[in-house]
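Here's the structure we're looking at; comments come further down.
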Amino acid sequence: MENQTRVTKFILLGLSNDPQMQIFLFLVFLVIYLITLVGNVVIMVLIRADSHLHTPMYFFLFHLSFVDTCYSSVTVPKMLMNFLAEHKTISVSGCIAQMFFILFTAGAEVFILSAMAYDRYTAICDPLHYVKKMNEGICFQLVSGAWAIGFFHALLNTIFSFNLFFCGPNQISHFSCELPHLLKLSCAETLTNQLVLLTSIVIFGSSSFLLALISYIHIISTIMRIHSAEGRHKVFSTCSSHLIVVGLWYLPGFFQYTKPSSISSGALDEMFSVQYTILTPMLNPIIYSLKNKEVKRALVKMLMILFYLIIFKSEST
């Protein structure tokens, strides 16, 4: 291994090598990225600006929008540059850095989703103690814990990645530097890295999923005990947005990182990666905006204020 040439750069092959298709994909993903940024920033601004949204549920939603913005920004800008670049290269250190932030933001997101599930469980199943159980200090601890676990998960896998040695093919059949793709290119033994990755995903991913699952089992049980159909619908509508987001995130992400290598394919990997790294961060603010009356009310209020400011400014000039 010492006599072999060390690879210093990788080539990200992306989604297509057809120049015309690359221009088309650039435009499509540019629009998606802009919608992601605008949607999530609007959600964050609404929550900060409207006092009616200063509740635990929207505190978690604020952090979900923030982590979605970060998560999408880790991969999409580089992918957009590569659609137009002749040489689609990234340094090994840059690739490992991107991998770290992918794992960091993804880990933080799954535990923020778990915290949101616990918030809905407390609000629906134990409403009399909701204010006490979900006070400002506990909400801050839950979010801080989510970011800390995400950081530890990313740091653990990144430390072991420094033992990898790249000497052979330097082409990554993907648009980003996800860890499984790096392991395939390593000339060194990757069994330890695979075990660390699988163990960390099983422990952190399963624990966050179980927390959300147990919360929703209790929520559904409580909803089913409500005699009125209108009452059941009203209660379920308060958590339906979060339930959709959980499904969009966990199903493709968990399958991507735990599926056997025997059923792995480039097209399948790219499809799942696009789903949970690009489409889900765009869909989250749309889902919460369309299915949440308070968010829609705050949005209409903000638009009216902006409209009146524009009219007043034009009349004054």
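Counting only heavy atoms from C-beta outward, the side chains of Leu179 and Asn157 approach each other to under 4.5 Å. The side-chain heavy atoms of His181 and Phe10, taken from C-beta on, include no pair separated by under 4.5 Å. With contacts defined as side-chain heavy-atom distances shorter than 4.5 Å, the pair Asp18/Phe24 does not qualify. The shortest distance between side-chain heavy atoms of Leu13 and Lys88 does not fall below 4.5 Å. Using a 4.5 Å heavy-atom cutoff, the side chains of His129 and Thr122 are not in contact. Ser176 has its side chain out of reach of Leu12: every pair of non-hydrogen atoms, C-beta onward, lies at least 4.5 Å apart. Side-chain atoms of Phe62 and Ile43, non-hydrogen and from C-beta on, never get closer than 4.5 Å to each other. Put simply, the side chain of Met302 reaches to within 4.5 Å of the side chain of Val45, judged on heavy atoms.
Listed here is the closest heavy atom pair of Asp50 and Ala298: OD2-CB, 3.3 Å. Here the closest heavy-atom approach between residue Ser16 and residue Gln22 is recorded as O-NE2, 2.7 Å. The minimum heavy-atom distance linking Thr55 with Tyr58 is given by the pair OG1-CD1, 3.0 Å. Among all heavy-atom pairs drawn from Ile138 and Lys133, the shortest one is CD1-O, 2.9 Å. Closest of all the heavy-atom pairs between Ala117 and Ser215 is O-CB, 3.6 Å. Minimum heavy-atom separation, Thr158 to Ala154: OG1-O, 2.6 Å.
The CZ atom of Phe160 lies 10.5 Å from the CG atom of Leu155; values are rounded to the nearest 0.5 Å. Note that the CD1 atom of Ile124 and the NE2 atom of His218 stand 12.5 Å from one another [nearest 0.5 Å]. If you take CG on Leu25 and CE on Met21, they are separated by 6.0 Å, rounding to the nearest 0.5 Å. With values rounded to the nearest 0.5 angstrom, Cys95 atom SG is found 13.0 Å from Lys9 atom NZ. The distance from the CD1 atom of Ile220 to the OH atom of Tyr216 is 9.0 Å, given to the nearest 0.5 Å. The structure places CD1 of Ile47 at 9.0 Å from CE of Met57, a figure rounded to the nearest 0.5 Å.
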For a quick test of your reading: what N or O donor-acceptor pairs under 3.5 Å do the side chains of residues 74-85 make, sequence neighbours left out?
residue: Lys78; atom: NZ; partner: Thr89; partner atom: O; Å: 3.0
residue: Asn82; atom: ND2; partner: Lys78; partner atom: O; Å: 3.4

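A continuous path of hydrophobic side-chain contacts links Val38 to Tyr71 [ILVMFWY only; heavy atoms under 4.5 Å]. Residues Ile278 and Leu30 share a single hydrophobic cluster, defined by chaining ILVMFWY side chains whose heavy atoms lie under 4.5 Å apart. Hydrophobic clustering places Leu27 together with Phe29 (ILVMFWY residues linked when any side-chain heavy atoms are closer than 4.5 Å, directly or through intermediates). Grouping the Ile, Leu, Val, Met, Phe, Trp and Tyr side chains by contacts below 4.5 angstrom, directly or via other members, places Leu195 apart from Phe152. Hydrophobic clustering (side-chain heavy atoms under 4.5 Å, transitive across Ile, Leu, Val, Met, Phe, Trp, Tyr) keeps Leu185 apart from Ile11.
Within a 6.0 Å radius of CZ in Phe66, no more than 12 heavy atoms belonging to other residues, nucleotides or ligands are found.
A donor-acceptor pair is defined here as one N or O able to donate and one able to accept, closer than 3.5 Å; no such pair exists between the side chain of Glu178 and the backbone of Pro180. Panel note: side chain Thr36, backbone Ile32; a donor-acceptor pair is recorded below 3.5 Å. Of the possible donor and acceptor atoms, one in the side chain of Ser91 sits under 3.5 Å from a partner among the backbone N and O of Gly94. For the pair Ser207 (side chain) and Phe204 (backbone), a donor-acceptor distance under 3.5 Å is present. The backbone N or O of Lys132 lies less than 3.5 Å from a partner atom in the side chain of Asn135, making a donor-acceptor pair. No donor-acceptor pair under 3.5 Å is formed between the side chain of Ser72 and the backbone N or O of Asp68. Although no hydrogens or angles enter the test, the distance criterion places no donor-acceptor pair under 3.5 Å between the side chain of Ser186 and the main chain of Leu182. A donor-acceptor pair under 3.5 Å is formed between the side chain of Ser208 and the backbone N or O of Gly205. With hydrogens and angles ignored, the 3.5 Å screen pairs a side-chain donor or acceptor of His54 with a backbone N or O of Arg48. Counting only distance, with no hydrogens or angles, the side chain of Thr69 and the backbone of Leu37 share no donor-acceptor pair below 3.5 Å.
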side-chain contact (heavy atoms from CB on, under 4.5 Å) for Ile102 and Cys177? Distances and angles first, verdict last. CA-CA 9 Å; Ile102 290 174; Cys177 295; 5.6 Å; no
Intermediate values then yes/no, side-chain contact (heavy atoms from CB on, under 4.5 Å), Thr277 and Phe175: CA-CA 11 Å; Thr277 62; Phe175 59 84; 3.9 Å; yes
Apply the test side-chain contact (heavy atoms from CB on, under 4.5 Å) to residues Tyr130 and Asp119: give CA-CA distance (whole Å), side-chain angles for both, the deciding distance (0.1 Å), then the verdict. CA-CA 8 Å; Tyr130 178 73; Asp119 170 73; 2.6 Å; yes
What do the steps show when you test Ile201 against Leu198 for side-chain contact (heavy atoms from CB on, under 4.5 Å), and what is the final call? CA-CA 5 Å; Ile201 288 177; Leu198 182 60; 5.6 Å; no
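Through side-chain heavy atoms spaced under 4.5 Å, either directly or across other Ile, Leu, Val, Met, Phe, Trp or Tyr residues, Phe140 is tied to no other residue.
With sequence neighbours left out, the ring-ring contact (aromatic ring centres under 6.0 Å, His included) criterion links Phe59 to His63.
Side chains of Asp126 and Tyr121: no donor on one and acceptor on the other come within 3.5 Å.
Between Trp147 and Phe111, the ring centre distance reaches or exceeds 6.0 Å.
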